[in-house]
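Lettering follows sequence order; numbering is per chain, from 1. Side chains are part of it too, since the values below use all heavy atoms of this structure and drop only hydrogens, waters and symmetry mates. Computed from a prediction, not measured in an experiment: that's the story for all the values here.
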2 protein chains.
Amino acid sequence: MSKCEQCIIRQFNALKSLHKEDLVRITSCKTSKVIKKGAVIFEEGENINGVFCIREGICKLTKLSPNGKEQIVRLVIKGDLLGQRSLVSNEVANLTAVAANDMEVCFIPKQEIVHNLSRNINFSMDMLKSMADELKLSENIIVDMAQKTVKQRLAETLLYLRENFGEDINGFLNIVLTREDYANIVGTATESAIRLLSQFKKEGLIATEGKKIKIENSEALKLVE
Amino acid sequence: MSKCEQCIIRQFNALKSLHKEDLVRITSCKTSKVIKKGAVIFEEGENINGVFCIREGICKLTKLSPNGKEQIVRLVIKGDLLGQRSLVSNEVANLTAVAANDMEVCFIPKQEIVHNLSRNINFSMDMLKSMADELKLSENIIVDMAQKTVKQRLAETLLYLRENFGEDINGFLNIVLTREDYANIVGTATESAIRLLSQFKKEGLIATEGKKIKIENSEALKLVE
DNA sequence: TTTAAATAATGATTTTGGTCATATTTTAAA
DNA sequence: TTTAAAATATGACCAAAATCATTATTTAAA
């Protein structure tokens, strides 16, 4: 079992502000988990009772609508804390967390986080800041959803993914999603996402190889109308 | 000039956790403002340098999209703090705040809030909680935007407004918005909002009198498809 | 009180995107 | 390897909502 005091991942989230002794205590009560692609980490309505620190992999935060369609609200990535909001509000999960690829996470029980929130100002300020960032992101997504076309949102999603996950040696996006995932991020039908990706390909904006996607002309993607 | 120590509005937001001496200090440096309906409190990109405590009235938080359409992201009401997110992130405003009706607000300079955030755990926890609530609300709006029809969103907006602002003696919503405002909340064209409200009226779901709207059949509104 | 401007209402038309159907390809399991 | 299932692709059609146009009504300003 790895030690939090020595874990570099905490540099990327609020845990960086914890003191040595707190980290030692967390090490002794945390649990590490390996999660397979597609596995559910927690579901909407579930009591989480802690937060997950993402050591490796990507997780989709989704919500199922009454009509059976799934919306991907946000992607949580390596270094992020998962479940902060529910913990702070002391509520059950509002979203479902599903592994987008194989993941490695540590689960830190609620009382440890609460303990530090109530004693360590730097820690709670960090938490506050990351929540503020998420809020800004969400507000901007609302505006995009309301005012941009599906095509524009898909183009922006591709650019966002490259920005946040980078590309491999051949220029393909490091993150590999199904067409259905793209549709669920953009908020459209799977067929529409497929059709638009085909169109982007035909127009030379992207190249594809199976599920892998490469951005060929980011300037044109930015200008999509 | 009213005194924060004696102001009951602070019970509705994080300021309730401040100590007497902090409130006294805020009283001496805050400024009170009366804001006319339609006036801009701050604009996207502006440095706010503090938070506004809403003593009276309602404020629209909007964002202008490149195509010139305005989206109302959230309504901020009596008792709320306005500008928290920008202050915490130490960023310029991400949204524009416009008075939806005549307002009375107090402006509290940034350094006062920061001072308390860094010393008063209860205050920062309250701030954290309200930010978490806003985040949850925003996430749910994203899902609604992606998966519900304009008609459903409009119906939900009407129910939400009654829930949050109540109705007058005759059953009309206490909050009075233009059809354009409705469109900008729902994320649709003004004509579409007008058309759907007319339809709701024809079907007996609502009654209208000028801009005022009365919900006649909330069960049917909940079931709109 | 008159006039201008803003807001609301409604029709006609077009566009976007959803749905349904079917075929092909890819992936994973037996 | 064979086979079944999942994912991708594309066509045809339909519905929701946007746009454009015009008129009526309300509100605010001169």
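Contacts with DNA chain C (heavy atom under 4.0 Å) in residues 171-193 of chain B: B:T178, B:R179, B:E180, B:E191, listed by number.
Between A:K63 and A:E70, none of the side-chain N atoms (NZ, or NE/NH1/NH2) sits under 4.0 Å from a carboxylate O, so this pair counts as no salt bridge. Taking 4.0 Å as the cut-off between side-chain N and carboxylate O, A:K214 and A:E209 do not count as a salt-bridged pair. The pair B:R74-A:E139 meets the salt-bridge criterion, since a charged nitrogen lies less than 4.0 angstrom from a carboxylate oxygen.
Other residues, nucleotides and ligands contribute over 12 non-hydrogen atoms within 6.0 Å of the CD atom of A:Q11. Within 6.0 Å of the CD atom in A:E163, the count of heavy atoms belonging to other residues, nucleotides or ligands does not exceed 12. Atom NZ of A:K78 sits in a sparse spot, with 12 or fewer heavy atoms from other residues, nucleotides or ligands closer than 6.0 Å. Within a 6.0 Å radius of CD in B:Q6, other residues, nucleotides and ligands contribute more than 12 heavy atoms.
Straight-line distance from the CZ atom of A:F200 to the C1' atom of D:dT8: 17 Å, rounded to whole Å. Here the C1' atom of nucleotide D:dA16 and the NZ atom of B:K148 are 17 Å apart, to the nearest Å. A straight line from CG of B:L196 to P of D:dA15 spans 17 Å, rounded to a whole angstrom. At whole-Å resolution of the value, CD in B:Q152 and C1' in D:dA15 are 14 Å apart. Between the CD atom of A:Q147 and the P atom of D:dT19 there is a distance of 11 Å, rounded to whole Å. Rounded to whole angstrom, the span from the CD atom of A:Q199 across to the C1' atom of D:dA9 amounts to 14 Å. Look at CZ on B:R195: it is 17 Å from P on D:dA24, rounded to the nearest Å. The separation between B:L154 atom CG and D:dA16 atom C1' is 14 Å, rounded to whole Å.
Qualifying ring-ring contact (aromatic ring centres under 6.0 Å, His included) partners for A:F107, counting only residues two or more places apart in sequence or in other chains: A:F52.
A donor and an acceptor atom, one from each side chain of A:R55 and A:S32, are nowhere located under 3.5 Å apart.
Interface limits on DNA chain C: the 5'-most and 3'-most nucleotides within less than 4.0 Å of chain B heavy atoms are C:dT7 to C:dA12.
Comparing B:K211 and B:K151 by the nucleotide of DNA chain D whose heavy atom lies nearest to each, the residue mapping closer to the 5' end is B:K151.
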